[in-house]
Amino acid sequence: MAEGAVLLHGFFRDIETELIADLRAIVKAAPFRHMVTPGGHMMSVAMTNCGSKGWVTDQGGYRYDAIDPDSGRPWPAMPASFRDLAARAAEQSGFHHFAPQACLINRYRPRAKMSLHQDRDELDLGAPIVSVSLGLPATFLFGGLARNDKTQKFRLEHGDIAVWGGPARLAYHGIAPLADGEHPVMGPQRINLTFRKVQ
Ligand code: SIN
Ligand code: FE2
């Protein structure tokens with residue numbers, strides 16, 4: 001996609017069944033919820049997390065927290081299927097020994113979107129972001145290091161993984177409003193797994 005940014009197509013086919021079963025178990029333990037931005041807006045994307053840290057936003061700001069604020073318990077552990085997939089995708093993209101603590105899980109129903117933003121709440125900017133797509137296709141907007149830089153558009157489909165790090169680590173990115181549809185495996189939604197090394 002750019003220097004330091006790679007798009008891998010059809011990457012998780014070999015472990016799809018395990019990945020989806022593990023995803024279902026996480027969502028059962030820590031259901032999707034619509035979080036509120038520091039500015040007071042409810043996000044159209046519903047979120048949950050797994051791993052030793054989870055990304056949360058509320059009126060107080062953005063942060064990583066070991067505790068799910070809805071349940072008061074730690075986030076579900078990151079399954080081996082998730083961890084191994086993320087490490088394999090990073091390795092394939094030239095980022096070795098990727099060991100994320102956090103996996104943010106985003107659920108997009110039709111019309112949900114994510115505005116252009118940088119992932120910059122992590123202390124370790126040496127590690128890449130690994131972002132796995134399941135379900136309905138989406139348009140990924142991938143820009144530069146400044147908000148106003150021109151964005152390129154990439155189609156993200158079930159099985160695709162985007163990896164960005166190094167010179168692209170702080171690239172602006174977002175998701176255009178999801179189109180209606182029904183995915184044969186995932187139904188009328190898109191799920192995104194975003195792996196981050198937080199510290
Ligand atoms: C994100 O930037 O957190 C989500 C990207 C995506 O849904 O593909
Ligand atoms: Fe992001």
Side-chain angles (χ1 to χ4, degrees), residues 1-2 4-12 19 23 27 32-38 41-51 53-57 61-64 75 78 82 85-86 89-90 93 98 100-125 127-147 149 151-166 168-179 181 183 186 188-198:
M1 297 187 287
V6 178
L7 184 49
L8 305 165
H9 291 290
F11 200 76
F12 64 58
L19 193 71
L23 172 63
V27 169
F32 285 113
R33 76 291 304 265
H34 291 274
M35 297 186 194
V36 173
T37 65
H41 297 286
M42 198 181 77
M43 299 184 77
S44 62
V45 176
M47 298 175 169
T48 187
N49 290 276
C50 68
K53 289 274 164 56
W55 186 85
V56 292
T57 173
Y62 306 121
R63 65 183 180 281
Y64 282 96
W75 297 103
M78 194 183 296
F82 279 42
L85 178 67
S93 308
F98 181 53
Q101 295 102 351
C103 175
L104 169 65
I105 306 174
N106 294 311
R107 185 196 66 200
Y108 298 73
R109 293 250 163 90
R111 286 173 293 286
K113 66 175 170 71
M114 193 167 297
S115 309
L116 273 189
H117 66 279
Q118 296 170 297
D119 289 2
R120 53 180 303 164
D121 301 326
E122 302 72 33
L123 294 175
D124 184 352
L125 295 175
I129 300 290
V130 173
S131 174
V132 178
S133 290
L134 297 102
L136 289 176
T139 301
F140 188 43
L141 308 169
F142 197 80
L145 300 181
R147 182 176 289 280
D149 287 350
T151 56
Q152 303 179 79
K153 287 183 182 159
F154 298 92
R155 186 178 161 91
L156 297 180
E157 292 192 24
H158 185 76
D160 292 348
I161 304 189
V163 179
W164 62 97
R169 177 61 181 75
L170 290 176
Y172 276 87
H173 59 280
I175 295 285
L178 201 76
H183 186 269
M186 302 300 292
Q189 61 179 348
R190 170 177 186 263
I191 304 283
N192 165 258
L193 314 176
T194 297
F195 295 89
R196 287 100 176 250
K197 187 170 186 310
V198 175

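Note that ligands are numbered from 1 as they come in the structure, with each ligand's atoms numbered from 1 the same way. The first residue of the sequence shown is numbered 1, and numbering continues consecutively from there. All values reported here derive from a predicted model rather than from experimental measurement.
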*Quick one: are D124 and Q101 in side-chain contact, heavy atoms under 4.5 Å?*
no
*asked:* Give me the residue, atom name and distance of the protein heavy atom closest to atom 8 (O) of ligand 1.
replied: R190 NH2, 2.8 Å
*Nearest neighbour in protein (non-hydrogen) for atom 1 (C) of ligand 1*: M114 SD, 3.5 Å
*Close side-chain approach of H117 and H173, heavy atoms under 4.5 Å*: yes
*List the steps and the verdict of side chain to side chain contact (heavy atoms under 4.5 Å, CB included) for N106 and M47.*
CA-CA 5 Å; N106 294 311; M47 298 175 169; 3.3 Å; yes
_Selection from D160, N192, T139 by shortest heavy-atom distance to atom 5 (C) of ligand 1_ = N192
*asked:* Please check: side-chain N/O of R33 versus main-chain N/O of T48, any donor-acceptor pairing under 3.5 Å?
replied: no
*For S131, the ligand 1 atoms whose distance to one of its heavy atoms is below 4.0 Å*: 8 (O)
*Evaluate the side-chain proximity of Q189 to L134: yes if any heavy-atom separation is below 4.5 Å, no if none is.*
no
_Out of all atoms in ligand 1, which are within 4.0 Å of some heavy atom of H173? Include the element for each._
2 (O)
*Quick one: nearest non-hydrogen protein atom to atom 3 (O) of ligand 1, plus distance?*
N106 ND2, 3.4 Å
*asked:* I need the protein N, O or S atoms closer than 2.8 Å to the Fe ion (ligand 2), given as residue plus atom name.
replied: H117 NE2, D119 OD1, H173 NE2
*Looking only at distance, does S133 have an N or O less than 3.5 Å from an N or O of ligand 1?*
no
*Flag side-chain contact, heavy atom, 4.5 Å: T57 against M43*: yes
_Could you identify the single nearest non-hydrogen protein atom to atom 7 (O) of ligand 1 and state the distance to 0.1 Å?_
Y108 OH, 2.5 Å
*Just by modelled atom types, is the L116 backbone N or O under 3.5 Å from a matching donor or acceptor in the R147 side chain?*
yes
_I161 and side chain to side chain contact (heavy atoms under 4.5 Å, CB included): which single residue from V6, L156, L7, V132 fits?_
V132
*Check whether the ring centres of F154 and W164 lie less than 6.0 Å apart, and answer yes or no.*
no
_Side chain to side chain, N192 and I175, heavy atoms closer than 4.5 Å_ = no
